[in-house]
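Note that ligands are numbered from 1 as they come in the structure, with each ligand's atoms numbered from 1 the same way. The model shown is predicted, which means the values in this text are computed figures rather than measured ones.
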Amino acid sequence: MVSYDGSCGKRQRLLVVANRLPVSAKRTGENTWSLEMSPGGLVSGLLGVADEFETKWVGWPGVDVYDAAEKNALSKSLAEMKCIPVFLEEVFDQYYNGYCNGVLWPILHHMGLPQEDHNDTNKTLQTQYDAYKKANRMFLDVIIENYEEGDLVWIHDYHLMFLPQYLKEHNNKIKIGWFLHSPFPSSEVFKTLPSRSELLRSVLAADLLGFHTYDFASHFERTCTRILGVEGTHEGIVDHGKATRVAVFPIGIDPNRFIKACALPEVRQQMTELKERFAGKKVILGVDRLDMIKGIPQKFLGFEKFLEENMDWRDKVVLVQIAVPTRNNVPEYRKVKTQVHGLVGRINGRFGSVSSLPIHHLDCSVDFNFLCALYAIADVMLVTSLRDGMNLVSYEFIACQEAKKGVLVLSEFAGAAQSLGAGAILVNPWDVTEVSSAIKEALNMPLEEREKRHRVNFQYVKTHSAKKWGNDFISELHTFSESEMKSKKISLGLPQQDVVQRYSKSNNRLIILGFFGTLTEPMKNQNEELELKLNPELKGTLKALCDDPKTTVVVMSRSGKNILDKIFGEYNIWLAAENGMFLRDTTGEWMTNIPENMNLDWVDGAKNVFNYFTDRTPRSFFEESETSLVWNYENADAEFGRAQARDLLQYLWAGPISNASVDVVRGNHSVEVHAMGETKGAALGRILEEIVRKKSTTTPIDYVFCSGYFLEKDEDIYTFFTPEVVSSKLSHETRSTSSSSNPSLKKKNLSTNVIDLKKGNYFSVAIGQAHTKARYVVDSSHDVVDILHKLAVADTTIATTSGPFSEREDYQTRNANADWKPWINYVKLRELAIGDTEPIDV
Ligand SMILES: O=P(O)(O)OC[C@H]1O[C@H](O[C@H]2O[C@H](CO)[C@@H](O)[C@H](O)[C@H]2O)[C@H](O)[C@@H](O)[C@@H]1O
Ligand SMILES: O=c1ccn([C@@H]2O[C@H](COP(=O)(O)OP(=O)(O)O)[C@@H](O)[C@H]2O)c(=O)[nH]1
């Protein structure tokens, strides 16, 4: 339960923001209003949530109000219901009828964009889009007025897709969830929307995004990838280091509300009257807003076919259709209404008689008790949505059928088909014959079978309530935001001053850096030919760090020896190529660390596949080394690159690596195949041994700065120095064997006393990762460059313009507060006593 904060028993405050308030106002006189429950499943679902939290609702009150006194009076009435109105005034028509329900709604339901009416220049897609944004800003203003620190903001539905971004721009700390009640379409359909990217980006500003089904969530993720080029990961959608969690929360109803209603004397009376009214007939029930997505014409066509083909049923069955009026000012809705009325007339004309009509069609909403009575007496519930977010009517029917055990015929295109499919008869509403057969099967179904099906669905409806839905969503929002906060605290807080001060006070420092994306020159534009070069800003800095006798710099890269030699050959530095399979200090030779039994037979075949895809994917490139191959499509077209990566993997699995002992790693924009078990962290122990041996210093390493843009599997490099693992890692690093021609790393035990990290003298810094094992996160390689500059000057008091930093003339100014000291050319050398077991203090 998340509704209480535990300490003082206060309920969590929740601002529920939806286009529609749970109550709609009707003017009853001057400044007087009556409030009625709003129609639709969103409101029904949310009512089940409200009690759990200290909830306030923000939304449109259902009427146009312009006069200040009237607004005041209505606001007061609504306040009693914990509702805060957003008066949308003249924006409403183009926002709600225009962009929300004329443009977004059909797109979300796979119905395509409407044809623009060029004669009506006041209602173009652009003016509707502008109104939509304006309406979202009006919601923003009301939320800002009412927001209190710590409130969770739960935004609902397609009406408010800009709100997450607007709210985060206003206050980045607000925890925001957004839930889509409608389906999310295939990317092919969403792609047609002119403002597709802006809408997606804005929604991604939220912390948590919820959908009714896996289908909708994966459509959304895929659409983001295709349109924005961002990646869906296990954490959610990651864009520039910010993760937005995407999850599935199927809505439910408040089942007890319906169960209790069915037991009310008034409802029982209505049930009796209905049974008398339809005596001798089976009742098929339809309850839908009169919306084109609900497939009412398809329902009638299926019923017509059933009557055509089953003469014996003609006077024994009736279809009662409640068609709740909705969105009357949208042209498509008026069309569907006309179409439905035409069909009712035709079918009743064909199969009706003076005393009985096969279809009882009502163009109105009904009162809750009467609705429950209808649900309870129906033999069959017929839901033929062409596409539907969930369809709560199906749930409500089940809740009211404890006595009768009626049959649910349910469209496979409703979200509910994934939850109630086990007990329902699923149909494709476009298939008239299938609908007709399903009606027949349902009407003829024996009691035993009905009981069995009902039991399954009733159990589901009872246990998957709206309350559970709301709690699940809010819990997730809490949990996710908290973990996000943790990572943000890290990411915001690389304590630069501390990093520098501790560095300058240490005597044997180790700096471990990644290469690609860390030290490489940033790309200026996407079309640039990619050649791995050292960031020119770093040249002097790196030289200063490498030449400092108290500092050892190691570049750990998955790149091969040649590349590292070419780029770093002139520095006094340690190079670990191919993730540590080869090691060299630039004054010496390359040493190999490849285990003797490592099978590399797969490499040549895999190379062919990598070459093939590199040729066919503009701006992708491929790095090969002796033990690994990496194909990088970071600069290629995002969608094409992903598709190619998928195909590349298929070719690899089918051929060269099918039986090989390799790890395959899919990075954000890369595919890497490397010999099994080879990670940067795994190699680090062996590398340290060699460094310690070569340096022959008795001073333990007392400071470590480790930063890179590493793959997830290489993140063990960050945990290497954490207290729990450092000792075990070091004492087990003995796996070094020689390869034929190269000198090999010497096999020996490295004791823990070679490292003595004073508390806090370890800085692991990931670049641009939302979730990482590193202690700190920075946004980009610029931040790493910046901190390296600071470390390079940390020991000096004299800033020279001709010295190593001349390429950064602003340096002295920027480091005005740095702790300047003269270069200390001090190193006390003593052979390390191997085998000592001093405790490490990290
Ligand atoms: O507010 P309206 O324009 O009158 O429309 C009513 C609601 O229709 C949509 O409901 C959806 O939400 C249901 C609950 O999650 C779901 O079961 C159903 O499949 C959806 O169609 C719309 O998404 C809501 O915003 C409207 O309030
Ligand atoms: O006259 C009526 C008939 C039905 N409903 C309610 O409208 C909701 C319809 O929700 P559903 O999820 O089936 O579809 P939506 O209309 O939201 O697309 C259900 O809770 C019904 O109880 C209503 O408010 N008035």
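With sequence neighbours left out, the ring-ring contact (aromatic ring centres under 6.0 Å, His included) criterion links Phe211 to Phe220.
The closest approach between any non-hydrogen atom of Phe179 and ligand 1 is not below 4.0 Å. Using a 4.0 Å heavy-atom cutoff, Lys294 is listed among the residues neighbouring ligand 2.
The Val366 neighbourhood of ligand 2 comprises atoms 1 (O), 2 (C), with distances under 4.0 Å to a heavy atom of that residue. Contact atoms of ligand 1 toward His212: 15 (O) (distance under 4.0 Å to a heavy atom of the residue). For ligand 2, the atoms lying closer than 4.0 Å to a non-hydrogen atom of Val324 are 1 (O), 2 (C), 3 (C). Close contacts between ligand 2 and Val287 involve ligand atoms 3 (C), 4 (C) [criterion: under 4.0 Å to a heavy atom]. Close approach to His159 involves these atoms of ligand 1, each under 4.0 Å from a residue heavy atom: 25 (O).
The environment of CZ in Arg268 is sparse: at most 12 heavy-atom neighbours from other residues, nucleotides or ligands sit within 6.0 Å. Shown here is Lys405, whose NZ atom has more than 12 heavy atoms of other residues, nucleotides or ligands within 6.0 Å.
At under 3.5 Å, a nitrogen or oxygen of Val393, whether backbone or side chain, sits near a nitrogen or oxygen of ligand 2. An N or O contact shorter than 3.5 Å is missing between Lys294 and ligand 1 by distance. By the 3.5 Å distance cut-off applied to N or O atoms, Arg289 is counted among the residues near ligand 2. Close N/O approach between Leu392 and ligand 2 is found [any backbone or side-chain N/O within under 3.5 Å]. Below 3.5 Å of separation, one finds no N or O of Phe258 facing any N or O of ligand 2. Between Arg289 and ligand 1, at least one pair of N/O atoms sits closer than 3.5 Å. In terms of polar-atom proximity, Gly389 is counted as a contact of ligand 1, with an N or O under 3.5 Å from an N or O of the ligand. Any N or O atom pair closer than 3.5 Å counts here, and Tyr158 shares no such pair with ligand 1. The shortest N or O to N or O distance between Asn391 and ligand 1 is below 3.5 Å. The shortest N/O to N/O separation between Asn101 and ligand 1 does not fall below 3.5 Å. Some N or O of Arg20 is nearer than 3.5 Å to an N or O of ligand 1, by distance alone. Backbone and side-chain nitrogen or oxygen atoms of Asp388 are examined, and one is located within less than 3.5 angstrom of a nitrogen or oxygen of ligand 1. By the 3.5 Å distance cut-off applied to N or O atoms, Ile293 is not counted among the residues near ligand 1. Where the criterion is an N or O separation shorter than 3.5 Å, residue side chain and backbone included, Ser38 fails it with respect to ligand 2.
Side-chain atoms of Tyr132 and Ser195 form no donor-acceptor pair, as typed in the model, at a separation below 3.5 Å. When only modelled atom types and interatomic distance are considered, Asn329 and Tyr96 share no side-chain donor-acceptor pair under 3.5 Å. Between the side chains of Trp105 and Tyr333, at least one donor N or O lies within less than 3.5 Å of an accepting N or O. Side-chain atoms of Asn97 and Gln128 form no donor-acceptor pair, as typed in the model, at a separation below 3.5 Å.
A donor-acceptor pair under 3.5 Å is formed between the side chain of Arg334 and the backbone N or O of Asn328. Distance alone, capped at 3.5 Å, is enough to place a donor-acceptor pair between the Lys299 side chain and the Leu382 backbone.
One distance of note links CD1 of Ile237 with CG of Leu200; it measures 8.5 Å at 0.5 Å rounding.
Leu204 places a side-chain heavy atom less than 4.5 Å from the side chain of Leu209.
Within the 6.0 Å centre-distance limit, the rings of Phe184 and Phe190 are counted as a close aromatic pair.
At a 4.0 Å heavy-atom cut-off, ligand 2 touches Glu396 through the side chain alone. Contacts between Asp291 and ligand 2, counted as non-hydrogen atom pairs separated by less than 4.0 Å, are absent for every part of the residue.
Within the structure, every pair that satisfies the ring-ring contact (aromatic ring centres under 6.0 Å, His included) test and touches residues 249-269, not counting sequence neighbours, is listed here: Phe249-Phe473, Phe258-Phe368.
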